[in-house]
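Let me begin by presenting the structure, written as structure tokens, before commenting on it.
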Amino acid sequence: MDVMVAQVRRSVACIVRQYPTTSGVYLCGHSAGAHLAAMVLATDWQEYGVAPDIKGAFLVSGIYDLEPIVSTYVNDALRMTPEVAQRNSPLLHVAAAMPATEACEVLVAVAQHDSPEFHRQSRQYFQALRSAGWKVSLLDVAHTDHFDVVEKLSQEGYILTQVILSAIARA
């Protein structure tokens, strides 16, 4: 898990170095991808020697607390210890919004028919970000499950598509 998180962080740093004139970066992820995008938000960029202008993050049906996974079959492949899960749980690493992140808007979305655990974690992560001063909103996407919540993004009239496009247009 540590390696995956570091790879995503290095990828963002590489993009920022490769395209220094870009007007900002948007992060988007679904499920485990939302977890990785949330970990990018928790990055100390001084370690990477860059200051990415992250304009927004769209986190869909994400996993923000890895500790419950440690004792499940999902961890058979990951082999996380409780320490690794804690180190890589975005919920446990929400930093106060700093001037560089004040312009960053975060959308935490969860599918209506996601499991209660996805709903709990989405609400908790939303609350933690809000308490830390981030611009964050929570969206329960009606009539969707864990998979079609992202499959519908190609539909122009889909609520999540409209919300994402609206956020990008405001930036």
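Fair warning: this is a prediction, and the values are worked out from it, not measured in the lab. Just so you know, residue 1 is the first one in the sequence shown, and it goes up from there.
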Over all heavy atoms of both residues, which pair between [X] and [Y] is shortest? Give the atoms and the distance, please.
X	Y	result
Gln121	Asp65	OE1-N, 2.8 Å
Tyr64	Ala34	OH-CB, 3.9 Å
Pro90	His35	CD-CD2, 3.5 Å
Leu41	Tyr125	CD1-OH, 4.0 Å
Asp148	Asp145	OD1-N, 2.6 Å
His119	Ala111	NE2-O, 2.9 Å

Please enumerate all residues that pass ring pair (Phe, Tyr, Trp, His ring centres under 6.0 Å) together with [X], with sequence neighbours excluded.
X	result
Tyr158	none
Tyr48	Trp45
His30	His146

Would you mind reporting whether [Y] and [X] have side-chain heavy atoms less than 4.5 Å apart?
X	Y	result
Ser122	Asp114	no
Leu107	Leu160	yes
Val5	Leu36	yes
Met80	Ile69	yes
Ile63	Phe118	yes

Do the side chain of [X] and the main chain of [Y] share a donor and acceptor less than 3.5 angstrom apart?
X	Y	result
Ser166	Gln162	no
Trp134	Phe126	no
Thr161	Glu156	no
Thr43	Val40	yes

Q.
For residues 77-88, which residue pairs pass the side-chain hydrogen bond (donor to acceptor under 3.5 Å, both in side chains) check, not counting sequence neighbours?
A. Asp2-Arg87, Asp2-Asn88, Glu67-Gln86, Thr81-Glu83
Roughly how far, to the nearest 0.5 Å, is the [atom2] atom of [Y] from the [atom1] atom of [X]?
X	Y	atom1	atom2	answer
Asn75	Leu66	CG	CG	9.0 Å
Asp140	His113	CG	NE2	9.0 Å
Lys55	Thr22	NZ	OG1	9.0 Å
Leu153	Ile159	CG	CD1	11.5 Å
Ser89	Met1	OG	CE	9.0 Å

**Q.** ring-ring contact (aromatic ring centres under 6.0 Å, His included) pairs, two or more places apart, involving residues 67-86
**A.** none
Would [X] end up clustered with [Y] when hydrophobic side chains under 4.5 Å apart are linked, directly or stepwise?
X	Y	value
Val136	Leu92	no
Val141	Ile168	yes
Leu165	Ile54	no
Leu78	Val84	yes

Q) Which residue pairs pass the salt bridge (charged side-chain N to carboxylate O under 4.0 Å, His left out) test with at least one member in residues 5-17, sequence neighbours excluded? A) none
Q) Between Leu138 and Gln127, does a side chain to side chain contact (heavy atoms under 4.5 Å, CB included) hold up when you go through it step by step? A) CA-CA 9 Å; Leu138 179 65; Gln127 291 288 358; over 6 Å; no
